[in-house]
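Worksheet: the structure to be examined is printed underneath.
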Amino acid sequence: MPVENMQESCSLDNYLAMPDHTMDGRIAAARAKLGKDALILGHHYQRDEVIRFADFTGDSYKLSKIASQSSSRYILFCGVHFMAESADILAQPHQQVVLPDLNAGCSMADMADISQVEECWSKLLAAGLDTPASGGLIPLTYMNSTAAIKAFCGERGGLVCTSSNAKAAFQWAFARARRVLFLPDQHLGRNTAHVMGIPASETVVWDPYQINGGLTPDRLRAARVILWKGHCSVHQRFLPEHADKVRAAYPGIQVIVHPECRLEVCQKADAIGSTERIIQIIEEAPAGSMFAVGTEIHLVNRLGKRFAPLGKKVITLDDAGCLCTTMFRISPQHLAWALENMVEGRVVNRIRVSDDIKHWAGVALNRMLEI
Ligand code: 13P
Ligand code: SF4
């Protein structure tokens, strides 16, 4: 039987002292020994030295689907904590999910703490927003949230969505209730509400650090979409003027952004999409096309290199490019360490969601997979 995080596990420090390139052969050898027992999933923001070992790459939605359909004993998730948690929720009992570095979190997911969300919800119920007379209220959460928040939504008739199905999730919720509480990304929520034609006057932001979310009862009652005050620090850095500047510098360039960007940025874009959709748009474009992409810099740089020989230009929307520092934490050293321990029958950095949370979070995730 594998033993988790045992004292005898090969020391991570020994790996961290080694240069990146020395890990390649070791990762490949350990991967080959594990064969079908291991599945390596890589989110598009992973660095090249890691993602080249992924059996599948994808956005959050695609990877969660692959995880739910796999039968491998070990799922190594090269991504961030909430992704590995989701894989564990959807996994079968014989499967174990590993996050090569436990420090790979998501600052946006951390912006909605379960106790804050419970407090918010009790205020919304006290204002009568959930009653049949007022049309009802459904909580929706973005995939980028803790398992506890997903369970909270599942238990209260809500679901999880990702950047590729947020509109479908809103439609699902509005077919059942007049109002939606959307956690934790205000930008994805606002962009989706906008696409659905919900006026800004019917959208409010709940600030968990203010009394009553900083909202008066009248503002709350007028709202159809209550947005949690969370954001992605990577995507929030893109500004509308970046789109103006790049269009002036490269006439004909197309601007594509991730829906975690601000509404004013999305309004200036030619297309908005999840990481997987961004890649698809560029793949389908003819030679000679130019793109300025508003998302994490590792993905943008990879696309730039991949499509240059095909005559397509891909650059970052801003001048500098934004790094997701937590995605970056997954290094080849961490991947080699996790795999070599696995070969020895030791499972390190296993992500385990408790059974009570797993149940309701699973309900919310499965509702998403069904819509
Ligand atoms: P995608 O689901 O589009 O890959 O986005 C995940 C994410 O964390 C973006 O910041
Ligand atoms: Fe979280 Fe933003 Fe990193 Fe995505 S890019 S994982 S939302 S911090």
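These numbers come from a predicted model, not from an experiment. All values below come from the heavy atoms of this structure, side chains included, with hydrogens, waters and symmetry mates left out. Both ligands and their constituent atoms are indexed starting at 1 by order of listing.
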Can you give me every donor-acceptor pair (side chain of residues 81-89, partner residue at least two apart or in another chain, under 3.5 Å) with its distance?
residue, atom, partner, partner atom, Å
Glu85, OE1, Ala147, N, 2.8
Ser86, OG, Phe82, O, 2.9
Asp88, OD2, Val353, N, 2.8
Asp88, OD2, Lys358, NZ, 3.4

With a 4.0 Å heavy-atom cut-off, what residues sit around ligand 1?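 His43, Tyr45, Asp59, Ser60, Tyr142, Asn144, Ser163, His235, His258, Glu260, Ser274, Thr275.
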What do you reckon, does Glu260 put a non-hydrogen atom under 4.0 Å from ligand 2?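 True for this residue.
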I need the protein N, O or S atoms closer than 2.8 Å to atom 1 (Fe) of ligand 2, given as residue plus atom name.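 You should have found Cys106 SG.
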Does any donor atom in the side chain of Ser163 or Glu276 lie under 3.5 Å from an acceptor atom in the other side chain?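 Side chains of Ser163 and Glu276: no pair found under 3.5 Å.
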For the residue pair Asp59 / Ser274, report whether a side-chain donor-acceptor contact shorter than 3.5 Å exists.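 The answer is yes; a qualifying pair exists.
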Distance (rounded to the nearest 0.5 Å) between Tyr15 OH and Trp337 CH2: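 Separation between the atoms: 9.0 Å.
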Met111 CE to Tyr209 OH distance, which is reported to the nearest 0.5 Å: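 If I round to the nearest 0.5 Å, the distance is 9.0 Å.
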Between Glu119 and Lys123, is the closest basic N to carboxylate O distance under 4.0 Å?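 Result for this pair is yes, salt bridge flagged.
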Between Glu283 and Arg277, is there a side-chain N and carboxylate O pair less than 4.0 Å apart?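 Not counted as a salt bridge, because no side-chain N and carboxylate O are separated by less than 4.0 Å.
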So which of Asn191, Ile278, Val265 actually passes side-chain contact (heavy atoms from CB on, under 4.5 Å) with Val257?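 When Asn191, Ile278, Val265 are each tested with Val257, the side-chain contact (heavy atoms from CB on, under 4.5 Å) holds only for Val265.
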Kindly list each side-chain donor-acceptor pair under 3.5 angstrom involving residues 359-370, sequence neighbours excluded, with atom names and distances?
residue, atom, partner, partner atom, Å
Asn366, ND2, Gly362, O, 3.0
Arg367, NH1, Gly154, O, 3.2
Arg367, NH1, Gly158, O, 2.6

Name the orientation class of the two ring planes belonging to Trp121 and Phe152 (parallel below 30°, tilted from 30 to 60°, perpendicular beyond 60°).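 Aromatic pair Trp121/Phe152 classed perpendicular.
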